[in-house]
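The structure appears below as structure tokens.
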Amino acid sequence: MAIHMEVQNFISTFLPNATKPAAGKSALKKPPLMSAKIAGKILTAAAAHDEAAISVIWRDWMNTKKGRDGSLPCPGFKLGLSQDKWDPQDSKKHKVDGAIYDEARLPDDGRPHWVDQEILCEFKNGKRIWDAFCDKTHAEAESKTRTDVRGQVTDYVGYAFSKQHRTTIFLFIINGAEMRITRWDRSGTIFTNTFNYATGEGRAILRDVLWGFSLLKSNPALRGLDTSAVPVGLEDPDYDLMTAVSQPCPTDISEVEGTVVEGAGPYTFRYVRQSFADSIEGDTQRHRLTVPTEDGRDRQFLVGKPLIVAPGVTGRGTRGFVAWDVKDEHFVFLKDAWRPFYEDIHTEGMTLRKLKKHDVRNIPTYVCDGELDQHTLTPEYAQKAAADKAKAEPEAAAAKGQPKPKGRKRPRDDAKVPSQSPFPNPGKYVMRRFRHYRLVVEEVCLSLTEFKTGEQLLSLVRDCIHAHQDAVTKGHVYHRDISAGNVLICPTVVLCSDGKRRVVWKGILTDWEMSKVIEDPAAKPSARQPKRTATWQFTAVRLLDNPSAPVMNADEMESFFYIVLYNALRYLRHTCINVMWAMYDLFDSFDRNGNEYKCGVGRRMTIKVGYLPEVYGSFYRFLDDELQTHPIGLFIGTVLVWTKARYAQLDAAAASTDLMKQCTGNIKDIQALVAAKKLAKSTQRKAELPAQTPLSAVPEKAKLLDTHDAILELIESLLCDDWPRNDKLGDQLKHPELAYAKQTMLDLSLLPQADEADGENEGRPHPKRRRSRKTQKLPAVEEEEDAADLVLMHVVVEEEPKIPPPTRTRGGRLSRPFGSSRRRT
């Protein structure tokens with residue numbers, strides 16, 4: 001979300017010293033305006049729509065000293081260009097056009113050095129279609145090309161946030177001879193109006209912007225840097241300490257399940273030390289992070305690059321680090337995030353302490369946490385913009401001589417009056433506030449994707465259901481963000497019945513940040529923040545279709561079911577011909593009604609009908625090592641029967657208030673309804689079908705997900721079965737050929753060939769510039785953040801493959817690829 005701010009107001013707000021007169025003889029003097037010669041070159045290149053020439057002119061001007069005192073246009077800073085090269089360590093090959101750097105760190109290799117960039121610069125050729133925002137509407141431009149540009153710069157900002165410890169970042173959009181300034185934080189964007197920086201007053205504005213930023217060199221916080229993250233240089237003793245503790249140690253133990261361990265501990269797993277070593281390899285910038293604590297004694301933790309990075313700009317921006325605890329001298333996991341900043345939202349640390357007090361199993365062990373004195377500012381200006389707009393509209397109408405709006409009739413005493421929103425900027429300007437927060441826990445876990453067999457996958461999920469059961473029954477807390485990223489593997493040393501200590505993998509339920517105390521059923525539910533955040537792929541159908549509905553236990557159990565189905569379909573052996581489209585249908589698709597996002601048809605039909613959908617006209621099933629029915633298929637089939645019964649009950653309850661759904665097929669009932677509707681017009685009563693048939697008794701299966709008992713009993717029963725040992729094939733999204741590797745009953749010659757579109761680009765040269773990266777963002781039950789929230793304590797992070805979205809019809813519904821089907825029996 002973006003809001004507009006006049007450029008002069010922007011300068012006085014965020015670059016406050018730019019327009020103040022210099023004081024004293026030793027005071028720095030403003031650099032001269034851009035010369036007429038340079039401005040003329042800019043105007044000529046802009047008229048020719050020569051983007052490359054504009055960027056080169058800028059670089060030469062920014063990096064050449066001017067005036068008698070030999071100052072730079074932005075003293076202390078220079079511009080580096082990087083249109084044609086990317087960082088070799090960047091798998092997505094971002095190529096931001098340029099950036100302003102501290103002159104001591106200006107790169108000379110023509111590549112973007114993301115860790116050192118101060119201001120991002122994106123150059124365009126001067127055509128209006130390349131402007132990401134609109135001055136007429138003071139909003140985000142909506143045309144396709146301009147939306148693509150906005151997606152492109154948003155992508156750059158998100159990547160810069162992931163590489164640096166920042167609270168905000170500035171970005172210049174330089175479109176020919178015009179430019180606009182933007183400021184980004186985790187809540188949104190503030191953008192100025194465009195101004196012509198090569199003529200008249202615009203030259204003075206540009207000088208003030210660059211001069212004002214240069215005056216912030218001694219104040220890194222105002223430049224957007226996180227001052228609680230202190231770089232650890234080569235001369236710092238902690239640099240050598242980090243190198244020392246990253247070296248292999250003979251006392252470290254293997255994380256392989258079943259490993260016999262000698263001694264009573266404490267233990268350090270090899271993968272933990274290796275993960276820390278990987279995070280500081282090469283010339284990676286190292287930092288000392290501060291975590292303020294309630295007792296006033298700040299804790300220090302040493303970190304390298306993050307192992308987890310939540311994608312995107314707005315939202316929680318979660319990053320996870322394997323950290324060295326300076327005080328207790330061992331490895332821990334540090335979560336750095338921006339938490340929603342509202343009343344009645346407890347920190348994750350408070351929730352973990354509460355759950356531990358109630359002896360909740362299988363959750364992270366709390367070490368410390370703290371909120372930093374850093375919060376997003378964009379919502380404050382969004383609120384002010386909304387107030388100014390509301391004030392200006394009637395004044396503008398009066399100036400045009402339009403009549404004042406007529407007053408409304410006084411409502412009847414029994415009329416319902418809508419309640420006021422608890423948030424200061426409702427509607428279009430709803431923008432969440434965030435505060436910087438850090439949490440440290442003992443466990444450094446493995447991603448759930450590291451499971452070795454289907455049996456292990458189900459047992460890990462069972463452990464997390466136990467954690468959820470304890471949290472609900474003992475702590476009276478719902479998690480509210482059950483997802484595959486929050487179910488992790490925690491290798492643990494346990495003393496076995498034979499007296500030996502062995503490594504056992506147990507599931508651990510993490511990221512309790514969005515948890516909420518279970519409300520009194522008699523109390524009216526209340527919202528704590530403007531938007532609900534969760535992970536779209538694993539949210540219950542009922543909540544996707546009704547975002548304001550309170551979370552119920554059955555919704556959370558449905559999310560656990562999706563975790564099993566997601567990983568089984570992606571990694572285990574089955575007969576699904578096209579895993580990509582099957583997973584898109586079940587987890588990523590959505591319908592849209594105006595500005596409202598709803599659950600996709602594929603998932604809704606699967607849950608309500610009780611069958612997995614067909615793919616290319618064929619049903620699919622899960623196979624064991626002997627190509628027979630896999631036990632996990634029995635779990636999936638059983639839970640689908642329960643969800644079908646549950647949603648049948650929910651639909652029946654909704655039908656009781658819908659006249660159309662009450663139709664009995666009897667013409668006499670219709671005649672009675674018509675008479676009742678005529679009577680209702682005169683009596684103001686609600687029209688009802690006479691003698692409505694009461695709902696049938698609720699099937700017992702519809703209630704089985706209301707508690708944890710049934711699903712836990714089902715899992716325990718299945719774990720007693722004989723499970724295959726070689727049922728995990730690998731990631732079938734990244735490597736579709738794995739789906740057929742060990743399915744010998746399939747005739748590979750009958751498999752569908754690759755889409756023609758996939759071959760159209762073969763042999764074509766890679767585009768020289770990365771123009772845009774517009775992606776269809778999932779409507780994160782909000783976000784997030786966080787659509788696909790990445791959360792606490794992954795050690796292995798896999799890049800999600802790109803799933804091409806289906807085409808969209810005029811009505812907004814997503815169509816399916818040719819050859820796919822949803823027919824069911």
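By convention here, the first residue in the shown sequence is residue 1. The basis for the numbers below is simple: all heavy atoms, side chains too, and nothing from hydrogens, waters or symmetry mates.
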Worksheet item: With a 3.5 Å cut-off and no angle check, do the side chains of H708 and N553 form a donor-acceptor pair?
Response: yes

Practice prompt. Could you go through the salt bridge (charged side-chain N to carboxylate O under 4.0 Å, His left out) check for D545 and R604 one step at a time?
Written response: CA-CA 9 Å; D545 286 339; R604 184 186 297 111; 2.9 Å; yes

Worksheet entry | R319 and H165: CA distance, side-chain angles, deciding distance, side-chain contact (heavy atoms from CB on, under 4.5 Å) verdict | CA-CA 10 Å; R319 296 193 295 174; H165 292 273; 3.1 Å; yes

Worksheet item: When D369 is tested against each of R353, R339, K335 for salt bridge (Lys or Arg N to Asp or Glu O under 4.0 Å), which residue passes?
Response: R353

Worksheet item: Regarding T535 and D481, is there a side-chain donor-to-acceptor distance under 3.5 Å anywhere?
Response: yes

Practice prompt. Take E380 and R433 through the test side-chain contact (heavy atoms from CB on, under 4.5 Å) and record every step on the way to the result.
Written response: CA-CA 9 Å; E380 299 178 13; R433 298 193 301 266; 5.5 Å; no

Worksheet entry | Set of side chain to side chain contact (heavy atoms under 4.5 Å, CB included) partners for A648, sequence neighbours left out | none

Worksheet item: Just by distance, with hydrogens left out, do E443 and T365 show a side-chain donor and acceptor under 3.5 Å apart?
Response: yes

Worksheet item: In terms of side-chain heavy atoms, does D373 have a donor or acceptor partner in H436 at a distance below 3.5 Å?
Response: no

Worksheet item: From E348 CD over to D511 CG, what is the distance, rounded to the nearest 0.5 angstrom?
Response: 5.0 Å

Worksheet item: With a 4.0 Å cut-off, would you call R646 and D555 a salt bridge?
Response: yes

Discussion item. Test salt bridge (charged side-chain N to carboxylate O under 4.0 Å, His left out) on R438 and D226; report intermediate values, then the result.
Written reply: CA-CA 13 Å; R438 290 190 179 123; D226 177 9; 2.8 Å; yes

Fill in: Minimum side-chain heavy-atom gap Y562-T539 below 4.5 Å
no

Discussion item. Using a strict threshold of under 4.0 Å (side-chain N to carboxylate O), is an ion pair present between K506 and D463?
Written reply: no

Worksheet item: Stepwise, does the side-chain contact (heavy atoms from CB on, under 4.5 Å) test hold for D155 with K92?
Response: CA-CA 10 Å; D155 204 19; K92 296 185 178 180; 5.8 Å; no

Discussion item. Can you tell whether the side chains of E558 and R542 come within less than 4.0 Å, N to carboxylate O?
Written reply: no

Item to complete: With rounding to the nearest 0.5 Å, note down the distance linking CD1 in I345 to CZ in R435.
Response: 13.0 Å

Worksheet item: Is it true that D651 and K608 make a salt bridge, defined as a side-chain N closer than 4.0 Å to a carboxylate O?
Response: yes

Worksheet item: Is there a donor-acceptor contact under 3.5 Å linking the side chains of T376 and T378?
Response: no

